[in-house]
Amino acid sequence: MSGARNSGTVSQVRHNTEELQRLPSVDRVLQSQAGRSAIDRFGHTATSNAIRGALHRWRERLASEIALPDVQAVATEAVTMLEAASMPSQRRVFNLTGTVLHTNLGRAVLPEEAVEAVVNAMRHPTSLEFALDGGARGERDDHVRGLICELTGAEDACLVNNNAAAVLLTLATHASGKEAIVSRGELIEIGGAFRLPEIMKRAGARLHEVGTTNRTHLRDFEEAISGETGAILKAHTSNYAIQGFTAEVEPKHLAALASASRIAFIDDLGSGTLVDLSRWGLKRERTVQDALKDGADLVTFSGDKLLGGPQCGFIVGRKDLVRPCAKNHLKRTLRLDKIRLAALEAVLKLYRDPDRLAQRLPTLHFFSRTQDEIRAQAERLLTAWQAALPEGFAAERRNCASQIGSGAMPVDTLPSAALAAVPTSKRKGQALDRLAASLRALPIPVIGRINDNALLLDLRCLTDETGFLAQLPALKERAA
Ligand SMILES: *Cc1c(COP(=O)(O)O)cnc(C)c1O
């Protein structure tokens, strides 16, 4: 290098160039014991790529660092990279947010019966669309149709990917090229991606809004009906409540009006529970059976909300209106796979025995846990939590309120209990964010919530206490 302004830099660079030549070769690392064991675990291609990557990083570092890595150091770095890359992107987590049906954490946790059915369906060919009695080729929804009709009193049922798809298919089948009448108080948006007016547009239906945000009357619907009308759509106001000076039309009146006008009355329940939740101390939510009794022609609802099953959407109701949905070509793009159908069948079968439902269905188990029970759990774990917290935090047991989540009963909460970490230092906000990050960095990430200057781990959904306790000691190391 000619014309160097700084001879020190020049010698440093020359020194490092010599060093670079002494870096172990990819082959030497591959042939080392650590290299060979990495090949066993990750395969030859991934291992040599990772070693090349590690060497590249060492080359960059050597510009400032002094020590030349040996074979072992390069191998260790390569294995760390390989382990990080082989970790699944979708990881198991502890949902201690206090929101039982957390859309971002995958909503309902499935019962063991469903897990077993799913593993079986994944591992083997199944009779998905094959009539074992030698009869006509079956339809895949047949595996659950009878059960759904038995449980809900519906004449027929059709299953799709999720409830958004159920609403889409229902409207596309019965209101395409026509108007669908909806109350202005029910033009819902759920989780950003589900906007009723948008779904209606995609289904080819024209939205005819009636009434006002807070009040809609039967005469508004009566006046809106014309030769253009295909359906009246009622939508559950899942994630908000309109309170005060309000009026909405009872579903049975809408049903009667639709019937007299020979159009379909569609009731989108959103969550759609099959049981009276007041039996477990929860607020009574209108059930699918209620909606059908009130005269809805078609009822749509989700599989992974209050029902506690896999992600799917139901269209149930009058046979002469459900069949056209099942026959619509759009159904082919929205249908369920054998894995979810297996899970759904197992979940629905649990509903045949409501007495044991809360023991067997995790979603209902979480909802029905009492505050006393959760408080006792918090008391039990408090010492371990205290010992695990890094410097600068005090451990507490706190009462808190859990939420149902996923747009079910938006204003109702369930009294619960939490392990709390209260920062004792000055920069409380920063300390809490750091602790939350350390919890997320645990082998099984723990997701809590920050509330009132404390980090709360709501224990309502904690079943695997052993797994939770086992990784607590790692928290101090992460935070250090
Ligand atoms: C949640 C919800 C939907 C969407 O259901 P997904 O299963 O999430 O697709 C539609 N309508 C209502 C009223 C809902 O609450």
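In listed order, ligands and their atoms are each counted from 1.
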Exercise for the section: Look at atom CZ of R279 and say whether more than 12 heavy atoms of other residues, nucleotides or ligands are closer to it than 6.0 Å. Expected result: yes

Practice task
Report the part of E186 (side chain from C-beta onward, or backbone N, CA, C, O) that has a heavy atom under 4.0 Å from ligand 1; answer both or neither where that applies.
Solution key: neither

Exercise for the section: May I ask you to decide whether E209 forms a salt bridge with R184, counting only side-chain N to carboxylate O separations under 4.0 Å? Expected result: yes

Practice task
May I ask you to check if ligand 1 and N163 share an N or O to N or O distance below 3.5 Å?
Solution key: yes

Handout entry: Nitrogen or oxygen atoms of S406 and ligand 1 under 3.5 Å apart
Key = no

Exercise for the section: Using a strict 4.0 Å cut-off to heavy atoms of S302, name the atoms of ligand 1 that fall inside it. Expected result: 5 (O), 6 (P), 7 (O)

Fill in the blank from the handout: dist R318:CZ -> S259:OG (nearest 0.5 Å) comes out at 7.5 Å

Problem - Nearest neighbour in protein (non-hydrogen) for atom 15 (O) of ligand 1 - result: S238 OG, 2.4 Å

Handout entry: Test of proximity, K305 against ligand 1: N or O pairs below 3.5 Å
Key = yes

Practice task
Run the salt-bridge test on E248 and K234 with the 4.0 Å N-O cut-off and return the result as yes or no.
Solution key: yes

Completion exercise
Counting heavy atoms under 4.0 Å, the part of Q311 that contacts ligand 1 is neither

Practice task
Check the side chains of T97 and R449 for a donor-acceptor pair under 3.5 angstrom, ignoring hydrogens and angles.
Solution key: no

Handout entry: Sidechain-backbone polar pair: W385 side chain, A420 backbone, donor-acceptor under 3.5 Å
Key = yes

Exercise for the section: Could you list which atoms of ligand 1 come closer than 4.0 Å to a heavy atom of R107? Expected result: 6 (P), 7 (O), 8 (O)

Practice task
Under 4.0 Å from a heavy atom of A164: give me the atoms of ligand 1 that qualify, with their elements.
Solution key: 4 (C), 5 (O), 6 (P), 9 (O)

Practice task
Answer yes if the side chains of T246 and N214 hold a donor-acceptor pair under 3.5 Å, and no otherwise.
Solution key: no

Problem - Short N or O distance, D268 and ligand 1, threshold 3.5 Å exclusive - result: yes

